[in-house]
Amino acid sequence: METKIRKIDMVSYSGAIYFLKVAWNEDLGNGFTLALSNGQSAWTGEVSKEDIFQEAKDMELERSKYVDELRRALIITSVPTNKYNFDLIEDGENSDYYHFTYEKKLKEVAFKLGSAKLKTVQNPAEVVKEMINYCLDCTVEIYSRNEHLQKENERLQCDWNDMYEQLQKFVNSKEELEQQLYTQFTCVLNEKKAKIRSLAEKLSEAQEKLKQRSENSAPVNTVTISEMKYADYSGSTDEEQDKPAATIDTAAVVEGWLSLGMRKLGWLVLF
């Protein structure tokens, strides 16, 4: 059986403190028992499954929704108390009985959720003792749960510290690796730059030497192949004279070799 105790205020007894105990089996919609006490007097009663069904029908609510409203009104302590009204009214026919009512407030209007007929307990000390025992048991349970949570929190804190230390090691290793890679890359880059400068200087020197050689050398005479081939003959036929003469330009040959050398030098710069 599940049990809950909460503190409530009565409309007819302003300023007085009452303690309401609700006990039920599995589902609150199957019925529950009530025990009410102000420390000096006590009242007990019961709300049956049929009573809950009839109250839900009168309010034109589904049973599940009505049970949720009962749970918020009678059990859940986190709900503000100003959202519900409670009252204890003496029965006009029998002074040993009281009518305990509970209402829900909507702005300035309140509608009745339900009521229970409570009977005055001849020995209220027993009811008060049961409430105190239940509160003490709850206190022990909460203390034990709090101790367990503290130990769990300490364990999680230790795990967090270990993970943080490992993370710091990983970060430091990563930074060291990045620094090593950057240093190696800088060395390789500087070597490539030096090689490129050296090749560029050699290319410039080769071009300068070629330019000077071209300026200092005599002009190259163009000799036709027919003249070289038939230099010993005194004449030629008309067909041989009509054919265009193929010429060999020595400067063009040198320039071609130089262009090929420059192309190879470019590939070396790239690699």
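Just so you know, these numbers come straight off a predicted model, no measurement behind them. This chain uses plain numbering: 1 for the first residue, then up along the sequence.
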- request: Supply the atom-to-atom distance S37 OG to I5 CD1, rounded to the nearest 0.5 angstrom.
  value: 10.0 Å
field: Where E90 and S95 come nearest, the two heavy atoms and their spacing
entry: OE2-CB, 3.2 Å
- request: Give a yes or no on whether the backbone of V47 and the side-chain of D51 come within a donor-acceptor separation of less than 3.5 Å.
  value: no
query: For the hydrophobic clusters of this structure (ILVMFWY residues joined by side-chain heavy atoms under 4.5 Å, transitively), does one cluster hold both L113 and L106?
result: yes
message: If you define the side chain from C-beta out and look only at heavy atoms, does anything of N30 sit under 4.5 Å from N25?
response: no
query: K129 versus E126: any side-chain heavy-atom pair under 4.5 Å?
result: yes
message: Let me check something: do Y102 and L118 share a hydrophobic cluster, defined by ILVMFWY side-chain heavy atoms less than 4.5 Å apart, either directly or through other members?
response: yes
Whether over 12 other heavy atoms sit under 6.0 Å from M1 CE: yes
message: Before you tell me yes or no, could you show the steps for Y18 and K7 under side-chain contact (heavy atoms from CB on, under 4.5 Å), namely the whole-Å CA-CA distance, both residues' side-chain angles and the distance that decides it to 0.1 Å?
response: CA-CA 6 Å; Y18 286 78; K7 183 176 69 173; over 6 Å; no
message: Please report the interatomic distance CG(D137) to CD1(I132), rounded to the nearest 0.5 Å.
response: 12.0 Å
message: Pair H99, L88 - check side-chain contact (heavy atoms from CB on, under 4.5 Å), show working.
response: CA-CA 6 Å; H99 293 280; L88 187 65; over 6 Å; no
query: For Q168, does the CD atom sit with more than 12 other heavy atoms under 6.0 Å from it, leaving out its own atoms?
result: yes
- request: Taking atom CZ of F53 as the centre, report whether more than 12 heavy atoms of other residues, nucleotides or ligands fall under 6.0 Å from it.
  value: no
- request: Count the heavy atoms belonging to other residues, nucleotides or ligands that lie under 6.0 Å from CD of E152, then report whether that count exceeds 12.
  value: yes
- prompt: Between S144 and V140, is there a donor-acceptor pair closer than 3.5 Å when you use the side chain of the first and the backbone of the second?
  reply: no
- line: Those residues at least two apart in sequence (or on a different chain) that pass ring pair (Phe, Tyr, Trp, His ring centres under 6.0 Å) with Y98 are W43
query: Should D68 and R72 be marked as a salt bridge (charged side-chain N to carboxylate O under 4.0 Å, His left out) after you check the CA-CA gap, both sets of side-chain angles, and the distance that decides it?
result: CA-CA 6 Å; D68 289 339; R72 283 190 286 268; 5.4 Å; no
pair L34-K21: side-chain heavy atoms closer than 4.5 Å: no
query: At their closest point, which heavy atom of E103 faces which heavy atom of A110, and how far apart are they?
result: OE1-CB, 3.9 Å
message: Is any side-chain heavy atom of F32 closer than 4.5 Å to one of L70?
response: yes
query: Roughly how far, to the nearest 0.5 Å, is the NZ atom of K192 from the SG atom of C187?
result: 13.5 Å
message: Is there a path of hydrophobic side-chain contacts, each under 4.5 Å between heavy atoms, that joins Y97 and M10?
response: no
- prompt: Once you round to the nearest 0.5 Å, how far does OG1 of T139 lie from CG of N146?
  reply: 12.0 Å
- prompt: Linking I/L/V/M/F/W/Y whenever any side-chain heavy atoms sit under 4.5 Å apart, do V121 and V128 land together?
  reply: no
message: Quick check: closest heavy atoms across S12 and D87, and the distance to 0.1 Å?
response: OG-OD1, 2.6 Å
- request: Measure from the side-chain N and O atoms of S204 to the backbone N and O of A200, and report whether any donor-acceptor pair falls under 3.5 Å.
  value: no
message: Looking at every heavy atom in both S115 and T101, which two are closest together, and how far apart are they?
response: CB-CG2, 3.8 Å
- prompt: Would you find more than 12 non-hydrogen atoms of other residues, nucleotides or ligands less than 6.0 Å from Q122 atom CD?
  reply: no
message: Just so I know, are the side chains of E175 and N172 near enough to count as touching, which here means a heavy-atom distance under 4.5 Å?
response: yes
- request: Classify the side-chain pair Q54/D58 by whether it contains a donor and acceptor separated by less than 3.5 Å.
  value: yes
task: Could you check if a side-chain atom of Y66 sits within less than 4.5 angstrom of a side-chain atom of M59, using non-hydrogen atoms only?
output: yes
field: Residues K195, E191; criterion salt bridge (charged side-chain N to carboxylate O under 4.0 Å, His left out); working and verdict
entry: CA-CA 6 Å; K195 188 173 182 180; E191 290 178 358; over 6 Å; no
field: Side-chain H-bond candidate by donor/acceptor type, D96 with T120, under 3.5 Å
entry: no
Full working for salt bridge (charged side-chain N to carboxylate O under 4.0 Å, His left out) between K169 and E165: CA-CA 6 Å; K169 292 180 180 179; E165 291 179 0; 5.8 Å; no
- prompt: Would I8 and Y134 show up in the same hydrophobic cluster when neighbours are defined by side-chain heavy atoms closer than 4.5 Å?
  reply: no
- prompt: Thinking salt bridges, do D27 and R63 make one under a 4.0 Å N-O criterion?
  reply: yes
field: Non-hydrogen side-chain atoms of I76 and R71 separated by less than 4.5 Å
entry: yes
- request: Check the angle between the aromatic planes of Y164 and W160 and answer parallel, tilted or perpendicular using the 30° and 60° thresholds.
  value: parallel
task: Begin from the C-alpha positions of K211 and E208 and carry the test salt bridge (charged side-chain N to carboxylate O under 4.0 Å, His left out) through to its verdict.
output: CA-CA 5 Å; K211 184 178 179 182; E208 186 66 26; 5.6 Å; no
- prompt: Minimum heavy-atom separation for L74 to V22, with atom names?
  reply: O-CG2, 3.8 Å
- prompt: CD of Q212: more than 12 outside heavy atoms within 6.0 angstrom?
  reply: yes
- prompt: Could you give the distance from CG (N133) to CD (E130), rounded to the nearest 0.5 Å?
  reply: 8.0 Å
message: For the CG atom of L199 and the CG atom of L203, what is their distance to the nearest 0.5 Å?
response: 8.5 Å
- prompt: Does atom CD of E178 have more than 12 heavy-atom neighbours from other groups under 6.0 Å away?
  reply: yes
query: Do D9 and F86 pass the side-chain contact (heavy atoms from CB on, under 4.5 Å) test, and can you show the C-alpha distance, the side-chain angles, and the key distance before you say yes or no?
result: CA-CA 7 Å; D9 297 325; F86 302 95; over 6 Å; no
query: Heavy atoms, side chains only, cut-off 4.5 Å: are Q40 and P124 in contact?
result: no
message: So which atom in I52 and which in G29 form the shortest heavy-atom distance, rounded to 0.1 Å?
response: CD1-O, 3.6 Å
- prompt: Is there a side-chain contact (heavy atoms from CB on, under 4.5 Å) between W24 and I75 once you walk through the steps?
  reply: CA-CA 11 Å; W24 70 97; I75 297 175; 3.5 Å; yes
